[in-house]
Amino acid sequence: MLDNKYNINEKEAKWQNFWQEKGIYKFDKNSNKPTYSIDTPPPTVSGELHLGHISGFTQADMMARFRRMQGFNMYYPLGFDNNGLPTELLVEKKKNIRAHTLPREEFTKIALDLVSTYNQNYRDMMVKAGMSCDLSLGYNTIDDKSQKTSQKSFIDLARRGIAYREDKPGPWCCKCRTSVAAAELEDKELDSIFNYLNFRLADGSGTIPIATTRPEFLPACVGIFVNPEDDRYKHLIGKKVKVPLFEENEVEVRADAKVGIDKGTGIVMCCTFGDQTDAEWWKEYHLELKRAIDDGGKMTEIAGKYAGMKSIEARKAIIEDLKDQGYLYKQDPITHAVKVHERCDEPIEFLSKKQWFIQTSTPELKQKWIDLGNELVWHPESMKARYIAWVSILNQDWSISRQRYFGVPFPVWYCNNCGKVKLAEINELPVNPLTTNPTSHCDCGCNEFTAEQDVMDTWATSSVTPQINTNWAEDEQESNAKMPMSMRFCGRDIITTWDLRTIIKSYYHQGCLPWKELLVNGWVMADKGVKFSKSKSNSKVSLTDAIRDYGADVIRYWCANGAYGRDVMFSDTGLKDGYKLLNKVWNASKFVLSFLYDYTPEKPENILPMDKHIMHKFNECFEKTYKFYEKVEMGYAKDEIEKFFWYFCDNYIEIAKNRLYKPEVYGEQAKKSAQWACYNVLLHALQLLSITMPHITEEIYQEYFKQFEKIESIHLCELNKISVEAEQNILANGDIVVDIVGRVRQFKSLNQLSMKTEIEDIEIFCNEIEFVKSCEADIKAVASVKNIKYTTGEFDVKIGKVVEQ
RNA sequence: GGGAGUUUAGCUCAGUUGGUAGAGUACCUGCCUUACAAGCAGAGGGUCAUAGGUUCGAGUCCUAUAACUCCCACCA
């Protein structure tokens with residue numbers, strides 16, 4: 001017997017423990033079932049999980065549960081991403097320390113310690129939210145296996161020349177003191193000032209006007225550019241110009257089509273490096289390299305009296321001096337978009353450093369990425385456009401060096417004699433070059449090496465999760481057999497970072513796609529256009545509170561809303577809807593099961609028409625639901641089963657309950673028939689519902705159905721239709737009976753009568769009199785009608801007199 | 001400037017191949033009916049963003065416009 005009231009928190013915890021203890025979600029190595037493998041994106045460990053995270057995971061979990069119930073052996077791990085800059089920043093913030101002020105070993109120890117606490121919290125929350133991952137398959141991107149995989153990946157690419165080391169300008173974050181990748185930049189609107197300066201021509205023939213927002217770059221000015229088509233300035237090409245405040249520096253005026261004639265004054269100064277264009281000009285025209293800003297964002301010695309100042313202070317001081325010395329003739333306040341580092345929101349600089357890169361941007365490679373993108377199955381399809389668009393404009397190789405501390409080290413040394421790169425041997429991995437020496441001499445005979453100090457970018461490791469999952473570092477054959485994995489899911493914000501790079505790595509190492517299908521979920525919006533985010537403190541409902549108040553089943557119900565891949569607005573009426581369904585499922589099950597205490601699993605000889613009808617009705621719902629899951633539309637699938645459940649309660653149970661209550665009136669056979677239908681419909685409906693609401697359905701299954709079904713958990717049952725003989729027109733004919741009952745209910749409602757009010761007689765007009773007659777007892781009982789008259793004709797129901805009380 | 005998405009009932013959202021506009025919720029009217037009042041039955045409510053076009057017929061297809069969102073480019 002089910003409890004009178006369903007205690008959400010108690011039951012959810014109970015079944016979560018049960019699933020873990022019994023290993024319900026464990027991957028079975030020895031199974032002969034087909035494997036369905038999920039490359040679960042390891043969440044970045046930072047702060048607290050919120051509804052936004054859980055939403056994407058929950059939708060993917062529904063697909064996992066669907067595949068499991070289709071009979072797949074699920075490989076569904078839960079890893080954590082906890083190396084690299086994001087984790088380092090978290091550790092610095094939580095422990096109030098700075099990584100670069102501590103010995104690396106010490107910092108790493110503190111970081112690992114903090115990370116394990118966070119991992120545990122994340123894992124607990126995932127379990128509490130009802131995820132069906134196999135927790136024993138977890139990994140951390142900082143653990144030995146991940147490091148080994150990541151380092152092997154690097155060595156493979158370095159040996160083939162795909163990974164290369166070069167000194168070239170790239171985005172640099174002065175706050176985090178590291179290089180960053182183009183994909184890690186965001187735009188931010190900032191107020192600034194356009195400063196109009198007069199540069200003096202070296203021959204004394206006058207001045208030329210140049211506008212700049214970054215006058216602190218004057219000491220690094222290495223050239224002046226005008227547009228070759230600009231008639232105003234053609235005569236300047238080839239002339240020398242003195243740099244204001246640094247007049248000992250003379251630079252040449254050159255012509256380049258990249259200069260916008262109508263921008264600023266139409267004359268640009270090129271500094272190393274103010275931005276991407278400066279870097280391009282510097283390379284193209286072989287200009288001098290002058291560094292005005294150091295790693296930490298302070299002015300270098302070439303800035304003379306400004307050296308040591310932070311760039312922003314130097315800007316103020318330089319502007320004052322420019323004013324005093326008469327160079328500055330105009331200032332316009334402007335707002336412009338500045339590239340900032342997504343992790344810390346600080347504007348980035350362009351600096352030149354020796355870095356490791358991975359080739360990604362030749363036209364042939366770009367075409368390859370596009371071909372692979374087209375080969376991949378995208379859900380929803382429209383997300384592919386974002387990927388293609390991004391790949392099409394790729395113009396830089398992937399920088400993977402980070403001048404940080406907590407991450408996977410490069411397995412690399414440099415020969416002190418000839419400078420040649422020395423790679424570690426694969427069987428030595430994972431290796432930390434700072435504490436280990438190479439096991440062999442350099443080719444030049446030298447045995448003295450300098451270790452690479454940098455660590456790899458987070459993405460360099462996160463991009464090999466399919467290789468971590470398929471054991472590529474240990475056994476390439478095993479891995480090749482398991483690749484591509486079945487599915488990866490993620491948010492739409494990481495298509496260009498994570499997904500693309502994972503595709504790149506799998507192609508380079510194994511010549512295939514990392515996965516067959518990619519699911520891209522939408523975002524939970526707190527308000528129009530505002531992403532749900534802990535840091536923006538707009539989480540109206542904390543995940544912990546929501547689980548406490550509504551339970552995981554209801555939150556999962558909410559997560560399943562709408563079309564897959566679309567952004568959804570958070571609303572608590574959605575949670576209330578879920579709660580209503582939960583309540584309904586409980587009450588209906590409680591009620592139905594109370595009549596099944598003497599149920600026997602033998603199929604009755606005679607099944608009554610309305611019982612057949614509801615079973616066929618379920619099968620119709622089953623087919624629709626199943627198709628939606630196959631199309632990765634969890635929301636529509638949930639709608640179908642939900643709609644069916646309410647129909648089952650409002651129309652079928654009302655009919656069946658008379659027969660179940662009073663076998664002495666309607667006959668034992670009629671009761672057995674209703675029991676058969678109730679058992680089958682409720683069981684099958686719960687199975688479909690278990691994908692969305694795994695806890696309550698498990699409770700009901702365990703309390704009653706397991707004794708007959710013998711399968712250990714509802715989540716291991718296979719999804720099937722109810723086995724019931726096909727019958728001509730059963731759906732349409734049964735619907736007529738439901739409509740007849742509906743007409744009587746409408747009559748009572750319009751006349752403000754109670755539903756139990758008895759009606760003396762009704763007259764039914766329809767063309768399926770035979771069928772309707774066969775349901776006469778049900779109709780009379782549920783509609784409280786004494787006599788029925790039948791007439792052939794267009795459907796109608798005439799209601800007679802009400803029986804006076 | 002380029003690309004993608006969105007616009008349907010007060011609110012949240014469905015609407016498949018073009019064929020009489022849907023659900024839930026809210027509001028309103030009834031109903032204590034022996035699972036559930038967090039329930040049941042019923043009613044009202046829409047110029048499908050705007051303007052054109054194709055068609056016998058357009059929420060759906062085409063063109064343009066507007067508003068909002070996102071990605072990219074611009075950043076001198």
Side-chain angles (χ1 to χ4, degrees), chain A residues 2 4-5 182-183 186-187 189-190 192 194-195 210-215 217 221 224-225 258-260 263-271 274-278 281 334-339 347 380 382-390 392-395 492-493 495-496 522-523 525 528-531 558 561-563 565-574 576-595 627-628 631 633 635-636 639 642-643 646 649-650 653-654 657 661 741-742 744-757 782 784:
Chain A
L2 299 184
N4 193 42
K5 194 155 169 45
E186 281 174 358
D187 283 345
E189 286 289 330
L190 289 179
S192 184
F194 230 152
N195 300 285
I210 296 181
T212 177
T213 54
R214 307 282 312 265
F217 269 113
C221 178
I224 305 286
F225 285 87
K258 280 205 268 288
V259 179
K263 277 190 189 170
T265 62
I267 310 179
V268 196
M269 64 172 188
C270 169
C271 309
D275 62 19
Q276 184 67 36
T277 315
D278 287 348
W281 280 331
I334 55 159
T335 314
H336 65 165
V338 174
K339 289 241 181 282
S382 61
M383 290 294 176
K384 186 160 82 178
R386 291 167 190 262
Y387 172 89
I388 303 285
W390 171 263
S392 307
I393 54 143
L394 255 190
N395 59 3
R492 60 171 154 81
D493 48 329
I495 293 172
T496 55
W523 281 350
M525 308 305 266
K528 284 228 185 310
V530 184
K531 191 181 171 186
W558 181 82
N561 257 332
R566 292 267 294 271
D567 291 349
V568 282
M569 292 274 276
F570 176 76
S571 77
D572 46 23
T573 57
K576 288 188 177 124
D577 290 348
Y579 188 80
K580 277 175 61 176
L581 177 62
L582 186 88
N583 210 33
K584 194 73 176 176
V585 167
W586 187 254
N587 284 317
S589 302
K590 193 172 67 183
F591 182 63
V592 165
L593 296 184
S594 73
F595 294 106
K627 273 186 193 153
F628 279 130
K631 286 198 275 186
E633 287 293 359
Y636 299 164
D639 284 350
E642 183 182 15
K643 245 188 305 184
W646 289 88
C649 293
D650 297 340
I653 293 182
E654 290 300 319
K657 78 184 191 186
Y661 263 121
V741 173
V744 179
R745 285 171 171 172
Q746 183 185 40
F747 170 83
K748 289 177 182 176
S749 195
L750 289 173
N751 290 284
Q752 309 196 339
L753 297 167
S754 157
M755 285 300 138
K756 69 175 179 184
T757 308
V782 74
S784 296

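All values derive from a computational prediction rather than experimental measurement. Computed over heavy atoms, backbone and side chain alike; hydrogens, waters and symmetry mates excluded.
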Run through RNA chain B and report every stem of 3 or more consecutive Watson-Crick or G-U pairs, distances under 3.5 Å, ordered by first number. B:1-7 with B:66-72, B:10-13 with B:22-25, B:28-31 with B:39-42, B:49-53 with B:61-65
In whole angstroms, the gap separating C1' of U12(B) from CZ of R566(A) amounts to 12 Å
Whole-Å distance between U34(B) P and K590(A) NZ? 14 Å
List for me each residue that meets side chain to side chain donor-acceptor pair (under 3.5 Å) alongside D577(A), sequence neighbours excluded, and say none if there are none. none
Could you check how far CG of D639(A) sits from P of G22(B), rounded to whole Å? 17 Å
If only side-chain N and O atoms of T213(A) are considered, is one of them under 4.0 Å from the OP1 or OP2 phosphate oxygen of A76(B)? yes
Using salt bridge (charged side-chain N to carboxylate O under 4.0 Å, His left out) as the criterion, list what pairs up with K384(A), not counting sequence neighbours. E381(A)
Looking at D567(A) and R492(A), is any side-chain nitrogen of the basic one under 4.0 Å from a carboxylate oxygen of the acidic one? yes
Euclidean distance for P, G39(B) against C61(B) (whole angstrom): 37 Å
Where the side chain of I393(A) is concerned, which of C31(B), C72(B), U6(B) is the nearest nucleotide? C72(B)
First encountered from the 5' end of RNA chain B, between K657(A) and M269(A): K657(A)
Ignoring backbone atoms, establish whether Y636(A) has a side-chain N or O less than 4.0 Å from OP1 or OP2 of G15(B). yes
Over 60° means perpendicular and under 30° means parallel, so classify the ring planes of F628(A) and Y636(A), tilted if in between. perpendicular
Residue T212(A), side-chain heavy atoms: nucleotide from A76(B), A73(B), C70(B) that is nearest: A76(B)
Please tell me if K580(A) has a side-chain N or O lying less than 4.0 Å from either OP1 or OP2 of C40(B). no
Taking atom NZ of K627(A) as the centre, report whether more than 12 heavy atoms of other residues, nucleotides or ligands fall under 6.0 Å from it. no
Nearest to the side chain of N583(A), heavy atoms from C-beta on, is which of G24(B), A73(B), C36(B)? C36(B)
For the side chain of K590(A) and the backbone of N4(A), is there at least one donor-acceptor N/O pair under 3.5 Å apart? yes
Take atom CH2 of W390(A) and atom P of A4(B), then tell me their distance rounded to the nearest Å. 18 Å
Inter-nucleotide P distance (G52(B), C28(B)), Å rounded: 39 Å
D567(A) CG to U69(B) P: how many Å, rounded? 12 Å
Candidate nucleotides C31(B), A76(B), U25(B), ranked by approach to the side chain of D577(A) - the nearest: U25(B)
Contact class for D275(A) (heavy atom, under 4.0 Å): base, sugar-phosphate, or nothing? nothing
Would you confirm whether S749(A), through its side chain, and R745(A), through its main-chain N or O, come within 3.5 Å as a donor-acceptor pair? no
Could you pull out all residues at least two apart from N195(A) that satisfy side chain to side chain donor-acceptor pair (under 3.5 Å)? Q331(A)
For residues I224(A) and V268(A), determine if any side-chain heavy atom of one lies less than 4.5 Å from a side-chain heavy atom of the other. no
Round to a whole Å and report the spacing from CD1 of I334(A) to C1' of A76(B). 10 Å
F591(A) vs N561(A), nearer the 5' end of RNA chain B by closest nucleotide: N561(A)
Is R492(A) touching bases, backbone alone, or none of the nucleic acid, heavy atoms closer than 4.0 Å? sugar-phosphate
Could you check how far CD of Q276(A) sits from P of A73(B), rounded to whole Å? 9 Å
So which protein nitrogen or oxygen atoms get under 3.5 Å of nucleotides 41-44 of chain B's nitrogens or oxygens?
from: A41(B); atom 1: O2'; to: R745(A); atom 2: O; distance (Å): 3.2
from: A41(B); atom 1: N3; to: S749(A); atom 2: OG; distance (Å): 2.8
from: G42(B); atom 1: O4'; to: S749(A); atom 2: OG; distance (Å): 3.4
from: A43(B); atom 1: OP1; to: Q746(A); atom 2: NE2; distance (Å): 3.4

List the residues meeting side chain to side chain contact (heavy atoms under 4.5 Å, CB included) with L753(A), not counting sequence neighbours, and say none if there are none. F747(A), K748(A), N751(A), T757(A), V802(A)
To the nearest angstrom, the CZ-P distance between F628(A) and G15(B) comes to 8 Å
Reckon K584(A) has a side-chain N or O less than 4.0 Å from the OP1 or OP2 of C40(B)? yes
So, K580(A) versus N583(A): side-chain donor-acceptor pair below 3.5 Å or not? no
